[in-house]
Amino acid sequence: MPTQISAPSSTPLLFSDDLFSGLNGPQRQAVFHEGGPLLVLAGAGSGKTRVLTHRVAWLIRQREIDPGSILAVTFTNKAAGEMKERISALVGEGGRSVWVGTFHSIGARLLRRESLRLGIARDFSIFDRDDQISAIRRILADMNISPKETPPESVVAAISRAKNALQSPDEFEQEALSYDRQIAAIYRAYQASLRRQSALDFDDLLVLPVELFRDEEVRRRYAGKFKHVLVDEYQDTNRCQYSFLHAVTQDHRQLFVVGDDDQSIYRWRGADLSNILDFESDHPDASLIRLEQNYRSTGRILAAANSVIRHNVGRKGKELWTDRGEGDPVVLFEVPDDQMEAMAVLRMVKAGVEEGRISPDDCVVLYRTNAQSRALENAFQLGGIQYQVVGGQRFYERREIKDVLAYLRVLVNPGDDVALRRILNVPARGIGKKTLEDLEAFAKATGITLLEAVRRAGVGSADLGRGNIRAKLAELGALIDRATASAPARPVAELTEEILEEIGYRDHLEKEFEREATTRWDNVAELLNAMQEFAETEGRVDATASAFVQEVSLTTDIDEYDEHSERVTLMTLHNAKGLEFPWVFLTGLEEGLFPHANSAYEKEGLEEERRLFYVGLTRAQERVTLFTATVRRRYGGMQHSMPSRFLDEIDPDLLERRAILPEGRPARSSGAGWGQEWRGRSVRTSYGSEEVDDHPRYEEETQDAALAAGMRVLHPSWGEGIIETLEGRGENLKLTIRFRGGVKKKVLAVYAKLELLG
DNA sequence: CGCAAGTACCTTTTT
DNA sequence: GGTACTTGCG
């Protein structure tokens, strides 16, 4: 910082020039905006994070707003952490008291403060999807509903949808059709179950604050507290979050939102694009500022992205531009299969690293579904390139981690039956189905928690379990009681180590998992590590089991992503939102996969897939490489596909098409050789407007290749559908077809009188 | 009750 | 190609 003058705060202009001099016109306009609600329509790479942080800095420095009365909402905890850092870098330590977090973490924080009023335990548990499903399963069993006909997953989805629409079980029932009557009943029972367990699910963290604000006194209090509200990724907010923001800002109208309608990718989770599209009509005194200068990507990449997104209707409309120069064209490789795809990525990364042009952590490989990481991981392992996978099997969802956390959850919240059920027989205590049923029946009949039932059975006051089992239950009860008593006063790491020791968890892993035991124990060690770190940031006294469990319940994969890892990053397109990389590899551009078959029917679904593709392209600074494979392993079988329609939407002048032809067909067993050399050969097939695209789109490997995943077909009785998978060949060729309305059917190709469409 | 073997379904994306 | 659930035996 060049400023040597120790400027008194009465001459804030000096600061302002200093702090804000790097901003361009529209950015300054946004940062210095005075007046009512503002929508900053910020294109990819247009510096929206800078705008947000500088806006906060400006509020504090220039307008002398108390940092504690500013609320900034981000999309991930990681983004929240970074924003906090940047704010305090701009305004000093005072910036730490700005409320920064995700809607979920802010909701949780608020609900803890108001737990008394809400009549919930301060140390409520937060149920993730697994916990929800587990709770629903119990309820289905109770209600004698077959989980086959009413899958818990879809019940969870229905309840989530209802909650986000702010519908209570009663309201849900009123609008319900006959099938949904049952769902309404399950919903009601589920709510009761949550309450009994002092548990909230993710949706509650959003919904309950809104309900809390129906009390005008409470609403006013928070509207008075949060005098300025800023929201990032506004395009992915849902109706409930909209209500939250409205409740807090309707009095003072200091709402500052940043978003990009072209990057809205969470419609399936309830995100409501109309929040951003209708922002101006919703707020009569609103202003709009567009940030269209992109500082990230080279010209051709940006132009390619623009040419794709132009195919969407129903957007605010904006055209990104850059002064970075043209750069390289986007390259598309057509490869025989997913293994070749992985090898090609590997080879390009390796070449880039060897030539000193790039470091592995400058590269990201993006895909539509988590399952696609496998082939890539295999290739990278063989090729000796370090990588990190973000997402997929998430750390905090691993079995051993959830087991250990379940012990803590029970200590923190003795009403958490879902957690207790999980650990009742882990390690094995001879408590099987029968004992569990007895315990639950007893608990229900007596109106006590499952834990209390365990205690009573242990001391023999509940008439269940034989001697041996009673002894085991007594032991477990005593362990939990002892740990509960000491938990509030000790660091969580120490407590956990003691519990693990006492239950012999390591031996349990050895016994249960044999070969895998080491990995799993390593994960547990990593968890203990995380607890130590937690103690370092929070301070020993505050690093209790309760605090840790709360924190961890809201931790996500992207929060764990490390940008200085020296490793190539592998992740889904969804996880890539907000990130940037010099080199981007976009894989699996095939019909049925991307756009995904489940989304390809509805216009809205397809447009969201297209936005996802747009997000992928705009992550890149210098180089985008696209891949489409003819054959892909899926569900253990082979699947033929056609190239993604999105490829045809890229302006052909900006796309260089190449094919990788296997020289002969490489023997399947030749995998070991791939690390050293590339056996295939790459030919340019088409570039620019000279259309030389004469090689086949997919190889005629078998006669069945006339049919491929992603093809549209007409079935005499089921109507129009899209082929999703193919198994078997010849007479035995079986197709999985998804028909309109999402109905999936398996048919034998020889019998189904299918007609090919388009 | 634990365990081994068999099965069904899975894969969209996640706070 | 994997998991999570079911079934049947000891």
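Excluded from the calculations below are hydrogen atoms, water molecules and symmetry mates; all remaining heavy atoms, backbone and side chain alike, are included. Order of the sequence lines fixes the chain letters, A, B, ..., with proteins taken first and strands second; residue numbering starts at 1 for each chain.
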Q. Under 4.0 Å: is that the gap between some side-chain N or O of A/N164 and OP1 or OP2 of B/dT15?
A. no

Q) How are the rings of A/F594 and A/F646 set relative to one another: parallel (under 30°), tilted (30 to 60°) or perpendicular (over 60°)? A) perpendicular

Q. Under 4.0 Å between a side-chain N or O of A/N575 and OP1 or OP2 of B/dT14?
A. yes

Q.
Could you check whether A/F75 and A/Y266 have their ring centres less than 6.0 Å apart?
A. yes

Q: In whole angstrom, give the distance that lies between atom CD1 of A/I126 and atom C1' of B/dT14.
A: 15 Å

Q. Does A/Y266 lie flat on the base of B/dT13, that is, centres under 5.5 Å apart and planes under 30° off?
A. no

Q) Which nucleotide sits closest to the side chain of A/A428: B/dT15, B/dT11, B/dG2? A) B/dG2

Q. So do the side chains of A/I276 and A/D261 get within less than 4.5 Å of each other, counting heavy atoms only?
A. yes

(Q) Can you measure A/D130 atom CG to C/dT3 atom P for me and round it to whole angstrom units? (A) 13 Å

Q | Whole angstrom value for the distance that separates C1' of B/dT14 from CG of A/L579 | A | 15 Å

Q) In terms of side-chain heavy atoms of A/R137, which of C/dC5, B/dC1, B/dT13 is nearest? A) C/dC5

Q: Kindly say if A/T572 contacts the phosphate of B/dT14, meaning a side-chain N or O under 4.0 Å from OP1 or OP2.
A: yes

**Q.** Rounded distance in Å - NE2 (A/H104) to C1' (B/dT14)
**A.** 9 Å

Q.
Quick check for you: among B/dT14, B/dT11, B/dT15, whose closest atom lies nearest to any side-chain atom of A/T102?
A. B/dT15

Q. Just how far, in rounded Å, is C1' of B/dC1 from CD1 of A/I469?
A. 8 Å

(Q) Between A/T435 and B/dC1, is there a contact of a side-chain N or O with OP1 or OP2 at under 4.0 Å? (A) yes

Q: With the side chain counted from C-beta on, respond yes when A/L617 and A/L626 share a heavy-atom pair under 4.5 Å apart, and no when they do not.
A: yes

Q. If you find the nucleotide of DNA chain B closest to A/S599 and the one closest to A/L554, which residue's nucleotide is nearer the 5' end?
A. A/S599

Q. Is the A/W268-A/H596 ring centre distance short of 6.0 angstrom?
A. no

Q. With no hydrogens and no angle check, is any side-chain donor or acceptor of A/D337 less than 3.5 Å from a backbone partner on A/V631?
A. no

Q. Between A/H574 and A/I431, which is nearer to the 5' end of DNA chain B once each is assigned its nearest nucleotide?
A. A/I431

(Q) Rounded to whole Å, please give me the gap between NE2 in A/H596 and P in B/dT11. (A) 9 Å

Q: Taking atom C1' in both C/dT6 and B/dT11, compute the distance separating them and give it to the nearest angstrom.
A: 22 Å

Q: May I ask you to say what A/R374 touches in the nucleic acid, namely base, sugar-phosphate or nothing, with a heavy-atom cut-off under 4.0 Å?
A: sugar-phosphate

Q. Separation of A/F613 atom CZ from B/dT13 atom P, in whole Å?
A. 19 Å

Q) Whole Å only: how far is the CD atom of A/E153 from the C1' atom of C/dC5? A) 11 Å

Q.
Please classify the nucleic acid contact of A/N425 as base, sugar-phosphate, or nothing, using heavy-atom distances under 4.0 Å.
A. sugar-phosphate

